[in-house]
Amino acid sequence: MTMTTAETRDERKAIDVNEGRDWARTYWNIGIGVALLVLLILSWGPSEMERWPFLFTDAGNMLEYASGFTDPNFSQWEFYAREMLVTLQIALWGTFLSLILSVPFGILSARNMVPWWILQPTRRLMDFFRAIHELVWAVLFVVAVGLGPFAGVMALFIHNTGIMAKLFSEAVESIDPRPVEGIRSTGASRVQEVIYGVIPQVLPLWVSYFLYRFETNVRSATILGVIGAGGIGQILFESIRGFYYAESAAILIIVVITVVLTDLLSQQLRKFVT
Amino acid sequence: MTAIAVEKLSKTFGRVKALNGIDLSIDEGEMVALIGASGSGKSTLMRHIAGLERGDAGASHVRILGETQQKGGKIGSKARELRSQIGVISQQFNLVNRLPVMINVLVGILGRIPRWRGTLGIFTEAEKRKAIEALGRVGIPKTAWQRASTLSGGQQQRAAIARVLMQRSKILLADEPIASLDPASARRVMDVLADINSREKMTILVSLHQVEYARVYCPRTIALRDGKVVYDGPSKALSNDFLTELYGSASEELVLPADLPVESAKRRRDKPAKTIEPNLGALEPA
């Protein structure tokens, strides 16, 4: 017994624990950590992070402002509910239209599906769609189609296509290539490989991304109301601007309830598809 | 006629020479075993013959049924049509897990039906009946509408074979089809392969990890080592001693673990039951 422990101790001394270790990787990890730290320090000033003590010294102001919202006025709740429904409908159409484009764009911006000369242009186009905020797209579409919900639908459509195509392509990049090869070896065409080999594998994830984006778009559609794209957001913005705190509070509560309900609904749907 | 003809095929991955001047020729209707330790190039060779991988530039030439599949590292113009002539099954079964077995089998005819119909997923009643028949042929007709992922390993492999039957290909490449199966399932899969070989006259090249199966099921064996053909001839001549000569200590890998002294007595008792005679009636359904 003592013999063996003595032996292992000797062995331990002899073994170089760092043999075969990839130092480049370690240095990279340290480098990335340091770079992140430097970025945080550089961003401190411009972000006016030094104002953080105000959060505590002047918290009373916030409380006073918030107290205006403590007494919601639901006398017009039917009107709010109708406008909330409009917002949901804007989000539904916007998300649905972007789904139609996200399927082909998602495939075309997946590394394992297409050569680089298709991949790069598609990805850059999606970056462009995504980089410009819904609000900016909405302003652009208001010019073309006028104030109202349709401008909101188009804004969500374009921006969300950029995001959903990226999410979809990431799902496609993580598929198991072997079933696809199985399909290919039967003499199937490229499109058929995608339909039978790729889509069945990514479908649960895609559905879940779609539902998640729908939730997000319900919130975004609310904000789009602010620039005149209709729905509950427009009413909310008008009542806040008019200092109708009680009405604003009622609207906010309706928005929160709706978002919670969509979340619960999409959770159930997700369970159903996977 | 020659089903598979490979000349001077080499493949380099980085600094590793996975295939090193392979020459081989397999006639139509043969059932040939491909053996070798892990890393000897079995899978790589299969993938080249299937047209899923291109060899190094040079004098290489792979011909399938007399047509050029690839030459000098370039895929031939008939490659897609040739692909439908080659059925492929592998250790991982390569089924689409979330689709029903039925669709997985029907996929086999994609190369033979109008492209628009295959793309829209419209299959005729007769085609579906053919798929059920193919499943019956491999002994699992009742699984048609189950998701592929719910099948056992042996059943999945047989579903993959049903897909190849549906494909009506002339050649079947089986890349370690039984490596992840238990002995009973493995024997059943090999029985089905032997049956297809004798009834459909399908040319079969099957890579195996264990030489026992080659001796029982395949008249001819090709052995690889470090990307080279080191033996090509009757399987009967491949004695364990000869394997040791070919592979040194690595030959242990090529002999069934059941050959370990602990189980050898039981195995000797089982041996007479193991014959080439395929007995599909004995396959229990599902």
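Computed over heavy atoms, backbone and side chain alike; hydrogens, waters and symmetry mates excluded.
Ring geometry for A/Trp137 against A/Phe129 counts as perpendicular: the plane angle is over 60°, on a 0 to 90° scale with 30° as the lower cut.
Annotation: side chain of B/Gln91 is not in contact with side chain of B/Ser43 (no heavy-atom distance under 4.5 Å). Side chains of A/Lys166 and A/Met126 form no contact here, defined as non-hydrogen atoms less than 4.5 Å apart. Considering only heavy atoms from C-beta on, A/Arg111 comes within 4.5 Å of A/Leu119 through its side chain.
B/Ile109 does not touch chain A: none of its heavy atoms, backbone or side chain, sits under 4.5 Å away. In this structure, the portion of B/Arg163 lying under 4.5 Å from any heavy atom of chain A is its side chain and not its backbone. For a residue to count as touching a neighbouring chain, one of its non-hydrogen atoms must lie under 4.5 Å from one of that chain's; by this rule B/Leu95 touches chain A with the backbone only. In this structure, the portion of B/Ile86 lying under 4.5 Å from any heavy atom of chain A is its backbone and not its side chain.
The candidate from A/Gly197, A/Gly182, A/Ala188 with the greatest count of non-hydrogen atom pairs under 4.5 Å with chain B is A/Gly182.
Contact check on B/Arg83 versus A/Glu193 returns no salt bridge, with no Lys/Arg side-chain nitrogen under 4.0 Å from an Asp/Glu carboxylate oxygen.
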